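Remember, predicted model here, so these are calculated numbers, not experimental data.
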Amino acid sequence: MHFLDEQQWIYIAIAFFGIIGYIAWMRWRDRKWIEERFGSRPTLAMSFGVNFFGMTSEPGKPSRSSGFLLLFSDALFYRSRVKKIELEIPGNRIARIYHDRSHKGVDLHQSLVKIDFLNDQNQKDTAAFKVPYPPQWMQAIENAFLKKK
């Protein structure tokens with residue numbers, strides 16, 4: 001036991017690898033869910049660690065949830081990890097994609113990818129996401145849906 005008292009780095013290493021293991025397990029679980037839900041549907045892009053700040057049609061301040069974002073040839077799909085929020089935006093309903101720092105009139109002090117689209121009630125709505133590599137996501141969505149119009 002005296003050895004462990006002198007070697008505190010072991011505790012740090014255990015905590016570090018525990019966190020890495022937890023992240024790997026969460027991603028594996030998400031990928032398994034995606035495979036069960038969408039099967040062999042071709043995915044053009046996928047990102048984990050995406051934050052969703054809600055839609056302008058939702059009342060109140062922006063709410064934040066963390067999950068993953070998938071780009072298919074016909075739709076954009078988001079699912080949160082904890083709150084189980086799901087949002088599917090058909091590609092033919094996307095009107096515009098752009099960069100901003102605020103959502104619902106609140107400056108969020110971070111780079112957001114915002115998507116203007118027509119919701120199920122045929123009204124203009126906007127969804128805001130914080131994604132890894134925003135320019136690449138914006139280009140991929142634009143290439144998949146907006147250049148076809």
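The aromatic rings of Trp33 and Phe38 lie perpendicular to each other, with more than 60° between the two planes, well past the 30° mark.
The minimum heavy-atom distance between His109 and Asp107, with the atom names listed, is N-OD1, 3.0 Å. Closest heavy-atom contact between Pro59 and Lys104: O-NZ, 3.9 Å. Between Val50 and Phe129 the shortest heavy-atom distance is CG1-CD2, 3.9 Å. Across all non-hydrogen atoms, the minimal contact from Phe52 to Ala127 is CE1-CB, 3.9 Å. Between Ser102 and Lys114, the shortest heavy-atom distance links the atoms O-NZ, 3.0 Å.
Hydrophobic clustering, with ILVMFWY side chains joined whenever heavy atoms are under 4.5 angstrom apart, groups Leu76 together with Ile85. Linking Ile, Leu, Val, Met, Phe, Trp and Tyr whenever their side-chain heavy atoms come within less than 4.5 Å leaves Ile19 and Trp25 in two separate clusters. Cluster annotation: Leu44 is connected to Phe117 through the hydrophobic network of ILVMFWY side chains, with a link wherever side-chain heavy atoms come within less than 4.5 Å. Both Met55 and Val113 are part of a single hydrophobic cluster, where members link through side-chain heavy atoms under 4.5 Å apart. Note on Phe48 and Leu112: separate hydrophobic clusters, where clusters join Ile, Leu, Val, Met, Phe, Trp and Tyr whose side-chain heavy atoms are under 4.5 Å apart, directly or indirectly.
Taking a 6.0 Å sphere around OH of Tyr98, one finds it holds more than 12 heavy atoms contributed by other residues, nucleotides or ligands. Atom CD of Glu35 is surrounded by 12 or fewer heavy atoms from other residues, nucleotides or ligands within 6.0 Å. Heavy atoms from other residues, nucleotides or ligands lying under 6.0 Å from CG of Asn122 number more than 12. Within a 6.0 Å radius of NZ in Lys84, other residues, nucleotides and ligands contribute more than 12 heavy atoms. Arg31 CZ: 12 or fewer foreign heavy atoms inside a 6.0 Å radius.
How far CD of Glu88 is from CZ of Phe72: 7.5 Å, rounded to the nearest 0.5 Å. Atom NZ of Lys83 and atom CZ of Arg81 lie 13.5 Å apart (nearest 0.5 Å). For the atom pair CG of Leu146 and CD1 of Ile94, the computed distance is 6.5 Å after rounding to the nearest 0.5 Å. For the atom pair CG (Asn51) and OH (Tyr78), the distance works out to 7.0 Å, reported to the nearest 0.5 Å. In this structure, Phe77 CZ and Ile89 CD1 are separated by 11.0 Å, a value rounded to the nearest 0.5 Å. In this structure, CZ on Phe53 lies 13.0 Å from CD on Glu58, to the nearest 0.5 angstrom.
The backbone N or O of Phe68 lies less than 3.5 Å from no partner atom in the side chain of Arg79, so there is not a single donor-acceptor pair. With hydrogens and angles ignored, the 3.5 Å screen pairs a side-chain donor or acceptor of Arg93 with a backbone N or O of Leu118. Looking only at distances, no side-chain donor or acceptor of His103 sits under 3.5 Å from a matching main-chain atom of Leu108. Between the side chain of Thr56 and the backbone N or O of Thr126, at least one donor-acceptor pair lies under 3.5 Å. Using modelled atom types, no side-chain atom of Asp116 and backbone atom of Arg96 make a donor-acceptor pair closer than 3.5 Å.
Asp74 and Arg41 are joined by a salt bridge, as a carboxylate oxygen and a charged side-chain nitrogen come within less than 4.0 angstrom of each other.
Inter-residue side-chain proximity for Leu71 and Trp137 is flagged as met; some heavy-atom pair is nearer than 4.5 Å.
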